[in-house]
Amino acid sequence: MLLLDGSSRSSIAETVTLTLSNGDKIKGTLIKSESNEQTTVINHPSLGRLEIQANSLKAKPKKKRWTGSFSAGVTGSNTDQDYDLDSTSQLITQYKDEVNLLSFKANTEYDFSRSEDQKKGSTDTNQGQIDLRYSYTFSGKLSAYASNIYEYDMLNQVGKNNLINSIGLGYDLIKTDTTTLNFSAGPAAQSVWGGPGCNTDQYCGNTYFGSSARIGFDWVPNNFFNLSLSNQFTGSYVDGVSPSNNFSGTIKIYPFGNKKLFTSLNGQLIYNALTTPQIDNSFSLQFGTQLF
């Protein structure tokens with residue numbers, strides 16, 4: 001296999017840099033018509049035509065099939081007898097091979113505060129999300145997917161729990177080693193339940209069929225930076241169409257460039273017409289590590 005340290009493409013030729021097994025590098029113009037899996041043929045600017053056997057080249061590192069990371073953030077304050085504690089956490093695992101993609105993402109946010117005139121204090125935030133998704137690539141950029149998204153907000157008056165199940169087809173609008181832009185859509189079922197006002201709400205406690213569409217963007221330009229964005233829209237067929245939308249984004253910065261320790265900025269904007277309140281936005285700064 002070839003280790004391509006850099007390449008520049010044009011309509012006529014492709015310039016490549018090949019790394020030999022001893023670490024030496026050779027740069028030249030790739031002759032595609034004469035190259036195959038066993039032999040790479042290039043035109044060197046000084047040495048002319050060169051045939052390089054595959055066993056003379058440094059093997060390309062194998063990509064990890066399993067990846068995972070964990071990050072968390074904690075902030076607290078104390079002024080006289082006023083206390084405030086806020087914690088956030090996020091766990092991400094993923095399996096990826098040539099045709100299968102399985103991803104699991106879970107995040108939580110909890111905020112507790114107590115004023116001087118309070119004895120027990122109060123919970124100001126207690127929410128989270130679990131996102132489980134599987135996709136299978138048929139050929140090229142077309143795939144099929146199954147998705148389960150569970151959201152909870154224990155302070156909601158109506159709809160403490162929200163579950164969206166969806167299946168459908170996906171298509172990679174962009175798919176390179178550093179950038180992926182995927183669009184998927186299909187039928188969905190949405191269930192909303194829980195909360196002190198659920199018994200008097202005409203929609204709470206039921207399951208509704210609908211449609212769901214999702215667009216996901218991942219950009220990993222180097223070992224120091226990673227951007228991930230996702231937006232899922234679901235329209236449930238109740239009272240016409242009742243929409244819900246979840247936009248989430250994560251920016252990871254690896255200060256040492258070794259894909260181990262990182263700082264992440266996370267944001268989530270949620271709108272759900274079937275819950276009370278309908279808007280739930282959150283942002284957090286976390287520190288984390290790659291687990292594997």
Side-chain angles (χ1 to χ4, degrees), residues 90-96 99-108 127-153 156 158-175 180-195 198 201-219 227-250 266-282:
Q90 184 176 85
L91 173 67
I92 300 175
T93 60
Q94 178 178 278
Y95 173 86
K96 184 177 182 180
V99 296
N100 298 287
L101 175 60
L102 175 65
S103 63
F104 174 83
K105 179 180 178 181
N107 61 75
T108 64
Q127 64 185 40
Q129 182 186 71
I130 296 176
D131 188 338
L132 178 63
R133 186 179 180 89
Y134 170 76
S135 65
Y136 178 85
T137 301
F138 294 114
S139 62
K141 298 182 178 182
L142 182 65
S143 61
Y145 79 90
S147 171
N148 302 91
I149 298 179
Y150 169 70
E151 301 168 347
Y152 74 88
D153 190 332
N156 278 2
V158 176
K160 284 186 176 181
N161 306 280
N162 180 52
L163 176 65
I164 299 176
N165 300 315
S166 175
I167 59 174
L169 298 176
Y171 186 80
D172 291 321
L173 302 173
I174 301 175
K175 189 175 183 180
T180 301
L181 179 63
N182 176 270
F183 175 79
S184 59
Q190 182 175 9
S191 302
V192 178
W193 72 96
C198 187
D201 186 89
Q202 60 178 325
Y203 304 122
C204 188
N206 299 312
T207 298
Y208 302 99
F209 291 103
S211 299
S212 185
R214 178 171 179 167
I215 187 166
F217 176 74
D218 288 288
W219 184 41
L227 173 64
S228 179
L229 302 174
S230 175
N231 190 87
Q232 170 131 357
F233 174 85
T234 301
S236 295
Y237 305 145
V238 52
D239 196 19
V241 176
S242 295
S244 63
N245 193 80
N246 186 321
F247 174 80
S248 62
T250 299
N266 310 283
Q268 188 168 248
L269 308 176
I270 297 177
Y271 173 81
N272 193 336
L274 299 177
T275 64
T276 302
Q278 295 179 333
I279 297 176
D280 185 5
N281 303 329
S282 62

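Reckoned from all heavy atoms, side chains included, excluding hydrogens, waters and symmetry mates.
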Using 0.5 Å steps for rounding, measure from the [atom1] atom of [X] to the [atom2] atom of [Y].
| X | Y | atom1 | atom2 | result |
| --- | --- | --- | --- | --- |
| S248 | L229 | OG | CG | 8.0 Å |
| T180 | D218 | OG1 | CG | 6.0 Å |
| I92 | S228 | CD1 | OG | 7.0 Å |
| I149 | S166 | CD1 | OG | 8.0 Å |
| N266 | N107 | CG | CG | 8.0 Å |
| F183 | I215 | CZ | CD1 | 7.0 Å |

Contact check, side chains of [X] and [Y], non-hydrogen atoms, under 4.5 Å:
| X | Y | result |
| --- | --- | --- |
| Q190 | S242 | no |
| P277 | N156 | yes |
| L173 | F217 | no |
| N100 | Y134 | yes |
| T250 | Q90 | yes |
| L274 | C204 | no |
| N182 | D172 | yes |
| L132 | L102 | yes |

Quiz item: Around atom CH2 of W219, are there more than 12 heavy atoms of other residues, nucleotides or ligands at under 6.0 Å?
Solution: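 Not buried by this count: 12 neighbours or fewer within 6.0 Å.
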Quiz item: Run the side-chain hydrogen bond (donor to acceptor under 3.5 Å, both in side chains) check on S184 and R133 step by step: do they pass?
Solution: CA-CA 12 Å; S184 59; R133 186 179 180 89; 2.7 Å; yes
Got a sec, which residues hit salt bridge (charged side-chain N to carboxylate O under 4.0 Å, His left out) with [X], two or more places apart in sequence or on another chain?
| X | value |
| --- | --- |
| K96 | none |
| D201 | none |
| R214 | D131 |

Quiz prompt | For Y171, ring pair (Phe, Tyr, Trp, His ring centres under 6.0 Å) partners two or more places apart | solution =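 Expected list: none.
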Quiz item: What residues, two or more places apart in sequence or in another chain, satisfy side chain to side chain contact (heavy atoms under 4.5 Å, CB included) together with P243?
Solution: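 Testing P243 for side chain to side chain contact (heavy atoms under 4.5 Å, CB included), a comparison that skips the adjacent residues, returns F233, Y271, A273.
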Quiz item: I270: what forms a side chain to side chain contact (heavy atoms under 4.5 Å, CB included) with it, not counting sequence neighbours?
Solution: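 Result, side chain to side chain contact (heavy atoms under 4.5 Å, CB included) vs I270: E151, N246, Q268, D280.
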Quiz prompt | Minimum heavy-atom distance between I164 and A188, given as atom pair plus value | solution =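 Between these two residues, the closest heavy atoms are CG2-CB, 4.5 Å.
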Practice problem: Heavy atoms only: give me the nearest G170-Y145 pair and the separation to one decimal. | Solution: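 The answer is N-CD2, 4.5 Å.
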Quiz item: Y208 side chain to V192 main-chain N or O, any donor-acceptor pair under 3.5 Å?
Solution: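 No, because the side chain of Y208 does not come within donor-acceptor range (under 3.5 Å) of the backbone of V192.
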Quiz item: Okay, side chain of T275, backbone of V158: is any donor-acceptor separation there less than 3.5 Å?
Solution: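 No, T275 side chain to V158 backbone: no donor-acceptor pair under 3.5 Å.
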Quiz prompt | Chi angles and distances behind the side-chain hydrogen bond (donor to acceptor under 3.5 Å, both in side chains) call for T207, S191 | solution = CA-CA 4 Å; T207 298; S191 302; 2.7 Å; yes
Exercise. For T234 and S212, test the side chains for any donor-to-acceptor distance below 3.5 angstrom and give the result as yes or no.
Key: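 There is such a pair (donor and acceptor under 3.5 Å, judged by atom type) between the side chains of T234 and S212.
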